[in-house]
Amino acid sequence: MQRFIINTRIQFTGEHEVHNVSAGCPYMPSETHRIDLGEHPDCHSAVAEACRNWPPRRINGCRWCARECHTG
């Protein structure tokens, strides 16, 4: 299992990014801008949880540490 967080700050694209803490992302937000999503088997599960908990916000995976969930 891997630990994920969501960035509370909106990206310039209008999205909140999900980051994989276990992967050690170089673009991890500061501690004050993180909400813990807990442990998940993959980023798809973490993004799905974030979407359930924070509708109707746009949520995307980080291009660097959750690449398989990054949509563009």
Side-chain angles (χ1 to χ4, degrees):
M1 299 289 267
Q2 302 169 65
R3 180 161 297 281
F4 291 86
I5 60 96
I6 188 166
N7 188 347
T8 60
R9 298 183 84 177
I10 298 172
Q11 303 301 301
F12 71 93
T13 57
E15 301 165 321
H16 293 271
E17 284 186 327
V18 170
H19 289 269
N20 183 342
V21 176
S22 302
C25 181
Y27 298 101
M28 194 71 64
S30 68
E31 294 282 338
T32 58
H33 296 290
R34 298 181 189 183
I35 295 176
D36 186 35
L37 295 173
E39 292 186 343
H40 293 270
D42 55 40
C43 67
H44 299 288
S45 174
V47 168
E49 179 176 327
C51 288
R52 280 192 305 274
N53 289 330
W54 295 286
R57 292 187 175 103
R58 292 177 46 210
I59 298 171
N60 196 3
C62 172
R63 177 179 179 187
W64 307 105
C65 65
R67 183 175 296 267
E68 59 273 8
C69 294
H70 181 72
T71 59

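These numbers come from the heavy atoms of this one structure, side chains and all, not from hydrogens, waters or symmetry mates. For this chain, numbers begin at 1 and follow the sequence in order. Only a predicted model underlies this, so the values are computations on that prediction, with no experimental measurement involved.
Rounding to the nearest 0.5 Å gives a distance of 4.5 Å between CZ of Arg9 and NE2 of His33.
Among residues at least two apart or in separate chains, salt bridge (Lys or Arg N to Asp or Glu O under 4.0 Å) pairs with a member in residues 43-72 are Glu15-Arg58. Applying the disulfide (SG to SG under 2.5 Å) test to pairs two or more places apart or on separate chains, those with a residue in residues 6-66 are Cys43-Cys69.
For Trp64, the ring-ring contact (aromatic ring centres under 6.0 Å, His included) partners two or more places apart in sequence, or in a different chain, are Tyr27.
Although no hydrogens or angles enter the test, the distance criterion places a donor-acceptor pair under 3.5 Å between the side chain of His70 and the main chain of Gly61. With hydrogens and angles ignored, the 3.5 Å screen pairs a side-chain donor or acceptor of His40 with a backbone N or O of Leu37. The main-chain N or O of Thr71 is found under 3.5 Å from a side-chain atom of Asn60 such that the two form a donor-acceptor pair. Side chain of His16 to backbone of Asn7: a donor-acceptor contact under 3.5 angstrom is found. Ser22 places a side-chain N or O within 3.5 Å of a backbone atom of Arg3 that can act as its donor or acceptor partner.
The hydrophobic clustering, which links ILVMFWY residues whose side-chain heavy atoms are closer than 4.5 Å, places Val18 and Ile35 together.
Counting all heavy atoms, side chain and backbone alike, Ile59 lies closest to Ile6 at CD1-CD1, 3.9 Å.
In this structure, Phe4 and Val47 have side chains that are not in contact, with every pair of non-hydrogen atoms separated by 4.5 Å or more.
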